Every structure is written in C-alpha cells, then in structure tokens.
Amino acid sequence: MRPESVSKYKPFPKVELPDRQWPDREITEAPIWCSVDLRDGNQALINPMTVDQKVEMFKVLVAIGFKQIEVGFPSASDTEFEFMRRLVDEGLIPDDVTLQVLVQAREHLIKRTFESLEGVPQAIVHLYNSTSTLQRKITFRDASMEDIKKIAVEGTKIVKGLVPTLPGTKVRFQYSPESFSDTELPFALEVCEAVQAVWQPTAEEPMIMNLPATVEWSTPNVHADQIEWFSRNLKDRESVLISLHTHNDRGTGVAATELGLMAGADRVEGTLFGNGERTGNLDIVTVALNMNSHGVQTGLDFSNLKEIRDVYERLTELPVHPRQPYAGDLVFTAFSGSHQDAIKKGMDRMDEEEKWGVPYLTIDPKDIGRNYSKDIIRINSQSGKGGMAYILQTEYGLDIPDKMKQVVGNTLSHFADEKGTEIEPVEVYEAFCSNFVNSEAPLKLEQCKVIRESDDHVDCFATVVYKGEELELKGSGNGPINAFVNILTQLVPKDFTVSDYRAHSLNKGSDADSVDYIQIRGDDQSTHWGVGIDASIGKAGVLALITAWNKLHS
Ligand code: KIV
Ligand code: ZN
C-alpha cells in the first residue's frame with residue numbers, strides 16, 4: 001500500500017479489560033465442535049454443492065466425528081430444503097448428531113425453516129441479525145440500536161412460538177449477533193441478554209450464543225478480550241454456551257479461536273481446511289490437530305486426512321494449498337540438508353522415546369495418514385547426506401556406513417545441482433548405483449568362485465576382463481576379500497589397504513541379496529568407497545572391492 005493510502009485507515013479500539021485472565025490459561029480440553037461446511041463453506045463456493053454432493057460431504061463430516069453440523073439455510077433455496085428432506089427420508093442422521101439450520105430473523109423464513117425440520121430428531125435453530133455500527137449505519141440505513149435489538153427479540157419470539165409445531169424434534173436455540181467482532185461490546189451484550197430473556201435457557205437446557213468474527217478486524221488478543229469480557233459480563237452465564245465463529249481476513253482465524261477458547265468459549269464453529277467467505281472460516285482441522293499435538297483429545301478423527309482432503313477438493317473444487325498446516329503436500333517435507341539430517345536422527349531415536357520429539361516435525365506424519373518416504377524427505381540441490389541416506393534406507397533398504405554418507409551426499413548433490421529440479425527416489429537410487437555399485441571399468445568381474453578350504457583359508461577363482469583382456473586368476477587369503485586382494489596385486493602391484501568394511505542383507509528371506517561396502521586407502525592417502533550387491537555373500541564383497549579399486553585406478 002502506498003504511504004498516502006495508509007492514512008485512510010484507523011486503529012481498532014482496544015477492550016478495557018485490565019484484569020484479563022485468558023493469557024494465563026491453557027487449552028486442556030476440546031470444545032463442542034460444529035461444522036459449518038455445508039452452510040458458510042457452501043455459501044462461499046463458486047459452484048455450490050448439489051444435493052448429492054452435500055450428502056457425500058455430510059457423511060464425511062459424520063465419519064470425522066462432528067456431532068453438530070450446520071446443514072444449510074433451508075429457507076434460502078430449494079436445494080437446501082431438498083437436502084434436509086434427503087437426510088430425513090434416507091435415515092442418514094445418526095442418533096447422536098444434531099442438525100443446525102441458519103435463518104434470518106424474519107417470520108416467513110423462520111416458518112419455512114421449521115417446515116424443513118419435519119422428522120429431524122434433534123435440531124439447533126440458528127437465528128441471526130447484524131448488530132455492528134457499520135452494519136446499522138450502512139446496510140440498515142442508520143437503524144437505531146433499539147430497532148436492531150427488536151429484530152433479534154421478535155425473531156426469538158417467533159422461533160419459540162414455533163417449537164410446539166415440531167413435537168418429534170428436540171429443538172435447541174442459537175443466536176448470533178452477526179458482525180459481533182465490530183459491535184460495541186455493551187450493545188452486543190444488551191441484545192444477547194434481551195434474546196436470553198425471551199428464550200429463558202437453563203443450565204440443563206442452555207442456549208448457544210455464537211459470537212462471530214464475521215469480519216476479522218483486529219489482532220487475536222483483542223478477539224480474546226471481547227470473548228472474555230462478554231463471558232464475564234453475561235447474566236446467567238451457566239445457561240449459555242458461548243460459541244466462536246472466526247473468519248480469517250487478517251490470516252489469524254486459528255489464533256483468534258485458540259485465544260477465544262482460553263478466554264472461556266465452550267464451542268467452535270468452522271470448516272474443513274478453512275473454506276468460507278472471502279479468506280475463509282476457521283480451519284477446524286488445524287485447531288483440532290494443534291490440540292492433538294499437545295496431547296488433548298478432540299473427538300475428531302483426522303487419521304485419514306489425505307482421503308478427507310481428496311473428497312473436499314472434489315466437492316468444493318478448491319485446492320488445498322501445499323503449505324496448508326497438516327494437510328498440504330509439503331508441510332512435512334524437508335529439502336534442506338541440515339533439516340533432513342536432524343529429522344533422520346530424530347526418527348532413528350523414536351523407537352527408544354515414549355513421547356514424540358523429532359526436530360522440525362510437530363506431529364508424527366503417520367498419525368494423519370502420511371507416508372514417511374514420500375512426504376518427509378525429498379531431494380533437490382539443497383539436500384544433503386542425511387536426506388540421501390534416508391531415501392536409500394527407507395526406499396531401498398541400503399544402510400550406508402556413516403563414514404560413507406558424506407561422499408554419497410556430495411556425489412548426489414552434484415547430480416541434483418546439474419539436474420536443477422527435484423530428484424525422485426528412483427533417481428537417487430540410480431545415481432547411487434551408477435557411482436558406487438558393482439562397477440565394471442577398468443576391471444570387470446566375469447565369474448568368481450569362492451572355495452573355503454578351512455576356517456582361515458579361502459581360494460578364489462576369478463575370470464576378469466582387464467584392459468580388454470580376459471584373464472583367469474586365482475588368489476588365496478583368510479576370507480574372500482583378502483583372497484581377491486591377492487588377485488588384484490597380480491594385475492597392479494599392491495598400492496592400497498582395505499580401511500573400512502560393512503555388510504548387511506538387503507531383503508529378509510532365503511534369496512536375500514547381500515550388500516557390502518568397502519573403503520580402500522591408496523598409498524597416496526586417497527580414500528575410495530565401493531558397494532557390491534549380489535545374491536552371494538562372498539561375491540558381493542568382491543564386487544565392492546573391485547568398485548573401490550576401479551575408483552583408485554581410473
Ligand atoms: O460469519 C458470520 O457472521 C456468520 C453468521 C451467519 C453466523 O456466518
Ligand atoms: Zn460466517
């Protein structure tokens with residue numbers, strides 16, 4: 001924004017609450033959750049969901065564990081009305097799920113809403129009208145505070161009067177002073193208490209006061225102050241459940257909800273992945289998983305988040321951003337070498353630890369259905385030895401010796417640098433093989449037979465091709481590697497020693513491949529690693545030795 005434009009705006013007023021208590025509180029238990037995907041979320045879509053799509057989304061929400069679901073605005077469109085009928089007629093409403101329906105404080109709309117509830121066992125009728133200064137002035141053309149309060153009170157009376165028309169339905173009541181976030185607090189309280197006086201809720205049968213941040217105008221601490229102020233000043237607080245409904249205009253909808261819970265709210269409305277008007281509603285997935293990550297149970301199950309996301313993207317036609325907390329493709333991924341190294345070390349330690357503690361990862365990606373090898377470590381030119389080793393180990397079972405990792409990391413980084421884009425695990429493997437495994441030049445092993453004569457005597461009979469010539473050679477030693485060192489000295493006078501060695505099997509089972517890693521040190525003090533992979537243990541060692549020797553001699 002240009003500096004001269006900034007002067008057009010004014011600071012948001014603070015709440016006078018010097019003894020505010022929320023900053024010292026922690027979130028230790030989950031609120032009542034209400035999904036508004038099928039209403040607020042649906043209202044914000046380019047192509048609102050069809051009845052079939054709403055049914056599919058409803059089933060997903062039920063499977064996640066939502067017990068309160070705002071299913072729509074049945075007086076607003078035939079689709080919404082028809083959807084209600086489908087839920088009832090096809091018996092899709094579980095016994096423990098309450099349907100919530102939104103309605104403006106207007107008689108004919110309230111009546112139509114009640115008609116839509118025919119046959120619904122448990123319902124929340126959600127009445128709203130706008131209360132803020134801006135809405136009173138602009139939308140309602142300078143309506144007075146009294147006029148606005150009257151709309152709320154009259155609407156509540158109509159809802160109350162219609163309850164007996166639904167004898168088979170347990171009707172609960174919710175009121176939203178829409179645009180609460182920029183309503184003068186004493187006025188919001190006055191309207192809500194007037195509504196409360198009509199409805200007459202009790203501690204046993206509380207009503208819901210939903211306090212929407214219809215537009216997020218302030219920092220989340222101001223939202224928390226508003227909620228704490230309201231909660232502390234409301235009469236008969238125990239007869240009311242305070243509900244949060246944050247939008248995300250400033251990008252802090254999640255923070256506002258979390259601080260609002262600390263400020264005393266009992267209930268949270270939001271949507272999957274934050275879909276909703278403008279910058280969206282509160283992202284319930286993030287808030288719930290944030291709680292899980294602090295050891296708090298939520299009653300919501302996001303263990304198959306990828307599948308939930310797939311359905312969501314299909315039905316809303318909105319993509320989930322790759323950096324969206326928990327759900328985005330890249331949110332557990334480390335490309336950078338130092339991060340990869342720390343993650344690998346952390347993952348290796350997890351077997352011994354009781355509580356989660358892996359650098360850079362707030363939760364175990366597996367707990368929400370993510371895949372370690374595909375999601376956590378991906379390789380590009382920023383990556384390092386830890387990441388390469390991790391891919392080779394998790395995808396291909398290669399447990400590279402620590403001392404070899406740096407050399408492998410350097411080689412593969414160079415490869416990634418040249419390619420300039422991400423390299424897939426298979427490319428990591430292929431680059432590793434072409435640089436370190438079973439090399440054939442200048443020396444190629446054609447055949448090799450290892451005969452163990454005694455515990456400390458092995459004969460090795462080998463057919464090799466060296467500098468274009470096929471040779472049949474025999475060497476002896478106390479093991480296959482020593483025996484082959486003896487063969488190599490027949491080709492070139494001995495100019496190295498074996499300085500490191502490690503072997504493991506590649507697969508479990510009888511036809512396991514053996515992997516041998518050998519480091520040799522040349523007389524010139526240079527070191528070279530070679531890897532041999534073969535079904536025969538003895539031959540794998542020989543191939544590793546040849547590969548290292550080829551590096552010294554090429
Ligand atoms: O954001 C809002 O104020 C709303 C109300 C209708 C609750 O969605
Ligand atoms: Zn909303």
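Order of listing sets the numbers, starting from 1, for every ligand and every atom in it. What you see is a predicted model, and the numbers here were worked out from it, not measured in a lab.
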With heavy-atom distances below 4.0 Å as the criterion, list the atoms of ligand 1 near D40.
8 (O)
List ligand 1 atoms under 4.0 Å from H247, heavy atoms only on the residue side.
1 (O)
Is ligand 1 less than 4.0 angstrom away from at least one heavy atom of E277?
no
Answer yes or no: is there an ion pair linking R278 with D249, defined by an N-O contact shorter than 4.0 Å?
yes
Measuring centre to centre across the rings, with the benzene-like ring taken for any Trp, is W217 within less than 6.0 Å of F12?
no
Any N, O or S atom of D40 closer than 2.8 Å to the Zn ion (ligand 2):
yes
I'd like to know whether ligand 1 has H126 as a neighbour, heavy-atom separation below 4.0 Å.
yes
Among V215, L102, T214, closest by any non-hydrogen atom to atom 2 (C) of ligand 1:
T214
Verify, without hydrogens or angle tests, whether N129 (side chain) and I148 (backbone) share a donor-acceptor contact under 3.5 angstrom.
yes
Would the Y312 and F273 ring centres measure less than 6.0 Å apart?
yes
Ligand-side contact atoms (ligand 1) for residue partner H245, heavy atom cut-off under 4.0 Å:
1 (O), 2 (C), 4 (C), 8 (O)
N or O contact, R39 vs ligand 1, cut-off under 3.5 Å
yes
Under 3.5 Å, is there a donor-acceptor pair linking the side chains of S239 and D236?
no
Atom name, H245 (N, O or S, nearest to the Zn ion (ligand 2)):
NE2
Note: E146-K150 ion pair, threshold 4.0 Å (strictly below)
no
Name the orientation class of the two ring planes belonging to H339 and Y360 (parallel below 30°, tilted from 30 to 60°, perpendicular beyond 60°).
parallel
